[in-house]
Asker: 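Encoded as structure tokens, here's the structure I'll be asking about.
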Amino acid sequence: MLRDVKSTQRLTRLLSFRVDGTGTASILEGSQQATLVDNGTGDYTLTFAVPFVRVPVCSGNAIGSTAAIINVAVVSISAVQIKAFDAAGAAVDVDFHLSVLGFDSADQT
């Protein structure tokens, strides 16, 4: 006899975002998963609609013609702060992609 065992321990949650960070910043893809706050030039905070149980892993990259460095500055269970810089180290508004991988279980096993 086979039985299904349902558990959130190994269920991952992957959120993908495409953000227009120039002009009036907005989430172009993934807007149902988070809200965006433009904190100033090159400084953005995405707050997740549903917080994770553990701190997620985040990775991002700039898109478009502007050469920029994306820094995942602060990550918590409920939000991620992104900072963008140009090659000289000055803050710059950019469009970027962000991937967030997290779990909905406190246990890592």
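This structure is a prediction, so every number in the text was calculated from the model and none was measured.
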Asker: Between Asn61 and Ile63, does the side-chain contact (heavy atoms from CB on, under 4.5 Å) criterion hold? Intermediate values first, please.
Answerer: CA-CA 7 Å; Asn61 65 295; Ile63 56 175; 4.1 Å; yes
Asker: Return the CG to CD1 distance between Leu36 and Ile27, rounded to the nearest 0.5 Å.
Answerer: 5.0 Å
Asker: Between CG of Leu15 and CD of Gln32, what distance do you get to the nearest 0.5 Å?
Answerer: 12.0 Å
Asker: Do you know the tightest heavy-atom contact between Asp86 and Val92?
Answerer: N-CG1, 3.5 Å
Asker: Rounded to the nearest 0.5 Å, how far does CG of Asp104 lie from OG1 of Thr12?
Answerer: 9.0 Å
Asker: Could you go step by step and tell me if Val80 and Tyr44 meet the side-chain contact (heavy atoms from CB on, under 4.5 Å) rule?
Answerer: CA-CA 8 Å; Val80 59; Tyr44 313 93; over 6 Å; no
Asker: For residues 18-38, which residue pairs qualify under salt bridge (Lys or Arg N to Asp or Glu O under 4.0 Å), counting only residues two or more places apart or in two chains?
Answerer: Arg18-Glu29
Asker: Decide yes or no for Val75 and Phe52: does some side-chain heavy atom of the first lie under 4.5 Å from some side-chain heavy atom of the second?
Answerer: no
Asker: Answer yes or no: is there a side-chain heavy-atom contact under 4.5 Å between Phe48 and Pro56?
Answerer: yes
Asker: Check whether any side-chain heavy atom of Val72 sits under 4.5 Å from a side-chain heavy atom of Ile82, and report yes or no.
Answerer: yes
Asker: Could you check if a side-chain atom of Val50 sits within less than 4.5 angstrom of a side-chain atom of Arg13, using non-hydrogen atoms only?
Answerer: yes
Asker: If you take all heavy atoms of Val94 and Ala84, which pair is closest and at what distance?
Answerer: CG2-CB, 3.5 Å
Asker: Output the distance between atom OG1 (Thr47) and atom CD (Gln81), rounded to the nearest 0.5 Å.
Answerer: 10.5 Å
Asker: Set out, in order, the CA-CA distance, both residues' side-chain angles and the distance that settles side-chain contact (heavy atoms from CB on, under 4.5 Å) for Arg54 and Ile77, then state yes or no.
Answerer: CA-CA 6 Å; Arg54 293 186 311 203; Ile77 62 170; 5.5 Å; no
Asker: Do Thr45 and Asn39 have side-chain atoms, one donor and one acceptor, less than 3.5 Å apart?
Answerer: yes
Asker: Side chains of residues 95-103: which donor-acceptor pairs under 3.5 Å do they make with residues two or more places apart or in other chains?
Answerer:
| from | atom 1 | to | atom 2 | distance (Å) |
| --- | --- | --- | --- | --- |
| Asp95 | OD1 | Gly21 | N | 3.0 |

Asker: Grouping I, L, V, M, F, W and Y whenever their side-chain heavy atoms are under 4.5 Å apart, do Val74 and Phe85 come out in a common cluster?
Answerer: no
Asker: Within the distance-only criterion (no hydrogens, no angle test), does the side chain of Ser26 pair as donor or acceptor with the backbone N or O of Leu28 below 3.5 angstrom?
Answerer: no
Asker: Minimum heavy-atom separation for Leu46 to Ala34, with atom names?
Answerer: CD2-CB, 4.1 Å
